[in-house]
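What follows is one structure encoded as structure tokens, with my remarks underneath.
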2 protein chains.
Amino acid sequence: MGKIEEAIQQKEFKDPFNKAVVNLLYTHSYLVTAQNGLFKPYDISPEQYNVLRILRGQNGNPTTVSSIQDRMLNKMSNASRLVEKLKLKGWVKRTECTSDRRQVDVLITDEGLELLQTLERLVEESNVRVVNLSQEEAVQLNELLDKLRG
Amino acid sequence: MGKIEEAIQQKEFKDPFNKAVVNLLYTHSYLVTAQNGLFKPYDISPEQYNVLRILRGQNGNPTTVSSIQDRMLNKMSNASRLVEKLKLKGWVKRTECTSDRRQVDVLITDEGLELLQTLERLVEESNVRVVNLSQEEAVQLNELLDKLRG
DNA sequence: ACCAAATAGATGTATAGACATCAAATGTAA
DNA sequence: TTACATTTGATGTCTATACATCTATTTGGT
């Protein structure tokens with residue numbers, strides 16, 4: 001049984017809201033653990049993968065660091081450093097923006113696109129396996145999560 | 001609107017399962033950001049707070065490091081180092097276990113209990129505010145999360 | 001009793017999150 | 001134009017996660 005009370009050996013919660021917060025934190029750890037194994041062989045982290053996805057979403061147009069930051073799952077993460085690591089591995093290019101020299105244009109390379117394609121299939125397949133819900137339940141979960149933050 | 005598509009500016013997802021994974025990662029960041037602000041003034045992190053809660057759950061009985069680890073929300077975290085930090089701040093005591101000298105007995109101090117009491121009220125109130133769901137929806141979310149990991 | 005395997009916990013290293021601060025470039029108003 | 005505020009991105013520091021490795025015990029088989 002996967003009940004949260006057993007998983008963390010806590011008998012009861014103050015109310016369903018507090019239980020939901022703990023349950024979300026625990027489920028997050030469950031998901032992240034599953035993903036880490038996937039990424040390990042490719043020398044890339046889930047966060048770096050996410051940046052590559054954002055860059056590809058631009059269809060060949062360069063993106064600034066702050067624009068990447070805005071689209072990241074974690075708004076507090078540090079896009080600047082993630083881009084630097086991706087550059088060192090040859091998956092993105094960084095060029096000075098001519099119209100505003102404060103900004104930096106970030107562009108995914110062909111190698112980055114290739115890696116992304118490989119990884120994306122693995123991630124998509126893994127996510128379907130890892131989420132032990134029916135299609136309807138998954139839709140319902142999405143609705144609840146969207147509302148939760150509302 | 002709090003829809004995940006707008007929050008991270010992604011038009012569509014492969015399927016509801018993949019969307020749910022992204023939605024969970026994003027919602028986790030939303031929750032953690034809310035919690036961080038709460039803990040800041042008390043010189044304690046959410047993870048350290050969680051360890052104190054586990055220790056108090058033992059009703060005065062000491063707990064070993066590995067037992068703490070088993071009950072943590074994140075099974076991959078490092079209970080040993082968190083205990084060390086709590087000890088430096090005087091919130092836990094660490095004594096060698098006489099029956100098995102590999103083990104370490106960890107016990108929450110009176111100062112730790114006092115801090116915990118203050119924090120717990122704040123956290124519980126904050127969680128109710130932060131989870132923008134009805135009671136029924138929160139129950140439903142808990143059921144879906146438990147099943148998701150099943 | 002002896003030795004190998006298992007266990008508990010500490011520690012080393014890399015990555016990322018949280019947040020403050022800094023420098024450079026740009027915008028704006030007197 | 002000059003002075004000041006704002007924006008962009010880089011960087012510094014602390015904390016935590018992820019995972020490998022190490023030491024000190026304890027256990028279990030022979």
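Residue numbers start from 1 in every chain, and the chains themselves are labelled A, B, ... in the order their sequence lines are given, proteins ahead of strands. Below, all heavy atoms of this structure are taken into account, side chains as well, without hydrogens, waters or symmetry copies.
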Just wondering, do K19(A) and V131(B) contact through their side chains at under 4.5 Å, heavy atoms? no
E120(A) vs R56(A), salt bridge (Lys or Arg N to Asp or Glu O under 4.0 Å): CA-CA, chis, key distance, verdict: CA-CA 12 Å; E120(A) 199 162 46; R56(A) 193 201 41 192; 2.8 Å; yes
Apply side chain to side chain contact (heavy atoms under 4.5 Å, CB included) to Q103(B) and E96(B), showing your working. CA-CA 7 Å; Q103(B) 297 187 350; E96(B) 191 185 64; over 6 Å; no
Under 4.0 Å, heavy atom to any atom of DNA chain C: which of residues 113-130 of chain A qualify? none
Whole-Å distance separating the CG atom of D70(B) from the P atom of dT7(C): 13 Å
Out of K85(A), R53(A), K89(A), which residue meets the side-chain hydrogen bond (donor to acceptor under 3.5 Å, both in side chains) rule with Q48(A)? K89(A)
Atom CD1 of I68(A) to atom P of dA16(C): distance rounded to whole Å? 14 Å
Distance check, rounded to the nearest 0.5 Å: D70(A) atom CG versus Q9(B) atom CD? 6.5 Å
Mind calculating the distance between CD (Q69(A)) and C1' (dA16(C)) to the nearest angstrom? 12 Å
Could you list, one pair per line, each protein nitrogen or oxygen that sits under 3.5 Å from a nitrogen or oxygen of nucleotides 18-21 of chain C, together with the distance?
unit_1, atom_1, unit_2, atom_2, d
dA18(C), OP1, N36(B), ND2, 3.4
dA18(C), OP2, N74(A), OD1, 2.8
dA18(C), OP2, N74(A), ND2, 3.4
dA18(C), N6, R81(A), NH2, 3.3

Counting distance only, does the side-chain N/O of N132(B) pair as donor-acceptor with the main-chain N or O of K147(A) below 3.5 Å? yes
Chain B vs DNA chain D, heavy-atom contacts under 4.0 Å, first-to-last nucleotide span, 5' to 3', is dT15(D) to dT26(D)
Give a yes or no answer on whether the side chain of S67(A) reaches the backbone of T63(A) with a donor-acceptor pair at less than 3.5 Å. no
Which parts of residues 85-107 of chain A get close to DNA chain C, meaning a heavy atom less than 4.0 angstrom away? K85(A), D100(A), R101(A), R102(A)
Taking for M72(B) and for S67(A) the nucleotide of DNA chain D with the nearest heavy atom, the one nearer the 5' end belongs to S67(A)
Apply side chain to side chain contact (heavy atoms under 4.5 Å, CB included) to residues E5(A) and Q10(A) and explain how you reach the verdict. CA-CA 5 Å; E5(A) 285 90 344; Q10(A) 181 173 338; 5.7 Å; no
Nearest-0.5 Å distance that lies between atom CG in L116(B) and atom OH in Y42(B): 12.5 Å
Where the side chain of T109(B) meets the backbone of G90(B), is there a donor-acceptor pair that is under 3.5 Å apart? yes
Just to verify, what does R71(A) make a salt bridge (charged side-chain N to carboxylate O under 4.0 Å, His left out) with, not counting sequence neighbours? none
I'd like to know if the side chain of D15(A) and the backbone of V128(B) have a donor-acceptor N/O pair within less than 3.5 Å. no
With a 4.0 Å heavy-atom cut-off, tell me which residues in residues 43-66 of chain A come close to DNA chain C, sorted by residue number. S45(A), E47(A), Q48(A)
Verify, without hydrogens or angle tests, whether N36(A) (side chain) and V32(A) (backbone) share a donor-acceptor contact under 3.5 angstrom. yes
Looking at E84(B), I'd like to know if its CD atom is crowded, meaning that more than 12 non-hydrogen atoms belonging to other residues, nucleotides or ligands lie closer than 6.0 Å. yes
Working to the nearest 0.5 Å, report the span between OH of Y49(A) and CG of L119(A). 6.5 Å
